[in-house]
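This one's a predicted model, so the numbers in the text were calculated from it and none came from an experiment.
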Amino acid sequence: MFSIGDFARHGRISVRMLRHYDAIGLLRPDRVDLVNGYRYYNAAQLARLNRIIALKDLGFTLAQVQEILDEKVTTGELRAMLRLRQAELGAAMQAAADRLVQVEARLRSIESEGRMPAYDVVIKKLPSVRVAELTGVATGFDNISPVIGPLYSELTKRLEAAGIALSGPGIAYYEDAPDGGILVHAGVEVSAPLGEDDGLRIVDLPPVESAATIVHRGSMATVLPTVQTLGRWIDANGYRSTGYPREINLECPADQDDWVTELQEPIAKR
């Protein structure tokens with residue numbers, strides 16, 4: 001038998017919290033001294049305490065924890081639930097981190113307002129290019145990364161399985177989705193026959209007579225200032241945009257902060 005203090009030390013939890021768990025019926029003492037009211041716990045109760053803390057730390061409310069434990073889930077079922085919750089929390093943390101990067105990029109755009117851009121914008125004529133691509137739909141530009149990343153991972157696997165070699169860089173481009181949102185095209189330049197197989201399409205992107213191009217250095221999560229610099233240049237020099245820019249992956253090392261990407265936005269004279 002453990003006193004409540006000993007049990008708290010072995011469970012790495014406060015005595016106050018154990019009293020709270022007792023009050024709500026989540027973890028009752030094994031015995032309560034009728035004379036002095038002291039609570040006593042046994043070693044087997046550490047197993048329930050471990051489950052309570054693990055579920056609570058993964059974001060479940062105490063009411064939800066009680067429901068889960070009262071259903072007497074097996075260790076395997078509990079492990080599966082915990083892993084699912086871990087994945088959900090991991091995704092939420094990544095989304096929050098991505099959002100912070102996007103906020104920082106927008107703040108940099110605000111800070112650069114009214115200043116001359118330090119980027120070189122070059123007008124180019126773009127030839128037709130053949131790409132293998134997969135597509136998906138993002139709800140908006142703040143949700144591109146969770147869509148395009150898995151598309152490129154799957155595209156790499158599909159091309160390797162089909163024995164299709166790459167002949168040039170990755171090329172991402174976008175369209176308005178028919179039902180709203182952004183239609184994301186994750187592509188890479190290839191030399192292979194045109195065709196489509198289970199969503200994998202090999203297509204020719206049409207030539208572009210005139211495109212304003214700019215080089216972005218860094219993660220695509222920080223591309224906003226570059227995009228807006230390009231937009232300001234287009235407007236200031238008497239042009240209008242005629243479509244979404246293509247993103248040409250010139251260098252893609254493991255560290256995304258070292259990426260080099262060329263944005264190619266089709267333009268026409270106003």
Side-chain angles (χ1 to χ4, degrees), residues 1-107 136-154 156-157 218-222 253-259:
M1 280 288 180
F2 295 106
S3 69
I4 190 171
D6 288 340
F7 189 74
R9 284 193 294 275
H10 284 85
R12 299 297 177 92
I13 190 174
S14 69
V15 169
R16 179 185 62 81
M17 191 57 69
L18 281 176
R19 288 180 177 144
H20 178 60
Y21 291 166
D22 179 16
I24 65 176
L26 186 57
L27 180 59
R28 300 285 194 188
D30 183 63
R31 181 172 68 83
V32 178
D33 191 302
L34 296 179
V35 177
N36 55 32
Y38 289 171
R39 298 170 172 88
Y40 295 92
Y41 297 80
N42 64 56
Q45 289 180 287
L46 286 170
R48 183 175 177 89
L49 177 61
N50 289 338
R51 285 163 169 75
I52 292 170
I53 300 303
L55 290 166
K56 177 173 172 288
D57 285 350
L58 285 170
F60 292 100
T61 67
L62 292 180
Q64 291 171 327
V65 170
Q66 183 141 18
E67 289 178 6
I68 291 168
L69 296 182
D70 287 349
E71 289 177 2
K72 295 182 172 56
V73 295
T74 66
T75 300
E77 290 171 333
L78 180 60
R79 185 179 298 279
M81 292 174 62
L82 294 181
R83 284 180 173 165
L84 176 61
R85 189 62 173 166
Q86 283 177 320
E88 291 173 346
L89 291 175
M93 290 173 63
Q94 185 59 54
D98 291 344
R99 183 59 56 88
L100 285 173
V101 171
Q102 291 167 5
V103 169
E104 175 65 25
R106 196 165 292 275
L107 284 174
V137 176
T139 56
F141 270 100
D142 59 348
N143 193 43
I144 292 290
S145 293
V147 176
I148 200 168
L151 285 176
Y152 267 117
S153 296
E154 179 64 19
T156 300
K157 294 176 185 176
S219 163
M220 293 305 291
T222 65
D255 188 344
Q256 293 190 15
D257 289 339
D258 295 328
W259 282 12

Measure the [atom1]-[atom2] distance between [X] and [Y] for me, rounded to the nearest 0.5 Å.
X	Y	atom1	atom2	answer
I24	Q66	CD1	CD	6.0 Å
I144	M220	CD1	CE	9.5 Å
L27	Q45	CG	CD	5.5 Å
M17	I52	CE	CD1	11.0 Å
Y21	I53	OH	CD1	4.0 Å

Provide the closest heavy-atom pair for [X] versus [Y] in the form atom of the first, atom of the second, distance.
X	Y	answer
A8	S14	CB-C, 4.2 Å
N143	V147	O-CG2, 3.5 Å
P253	D258	CG-CB, 3.6 Å
S3	Y40	CA-CD2, 4.0 Å
L49	F7	CD2-CE2, 3.9 Å

**Message:** Could you check whether any side-chain heavy atom of I4 comes within less than 4.5 Å of a side-chain heavy atom of Y38, counting everything from C-beta outward?
**Reply:**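 Counting from C-beta outward, I4 and Y38 never come under 4.5 Å.
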**Asked** Taking the side chain as C-beta and beyond, is there a heavy-atom pair between H20 and L62 under 4.5 Å?
**Response**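 Side chain of H20 against side chain of L62, heavy atoms only: contact under 4.5 Å found.
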**Prompt:** Quick check: does any side chain N or O of R51 sit under 3.5 Å from a backbone N or O of A47, one acting as donor and the other as acceptor?
**Reply:**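 Yes, because the side chain of R51 sits within donor-acceptor range (under 3.5 Å) of the backbone of A47.
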**Request:** Keeping the roles fixed (side chain from R48, backbone from L26), state whether a donor-acceptor pair exists under 3.5 Å.
**Result:**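 Pair found, side chain donor or acceptor close to backbone of L26.
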**Request:** Under the side chain to side chain donor-acceptor pair (under 3.5 Å) rule, collect the residues that match up with E67, sequence neighbours excluded.
**Result:**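 So E67 forms no side chain to side chain donor-acceptor pair (under 3.5 Å) with any residue.
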**Message:** Check this for me: does any side-chain nitrogen of one of D22 and R31 sit under 4.0 Å from a carboxylate oxygen of the other?
**Reply:**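 No, this pair does not count.
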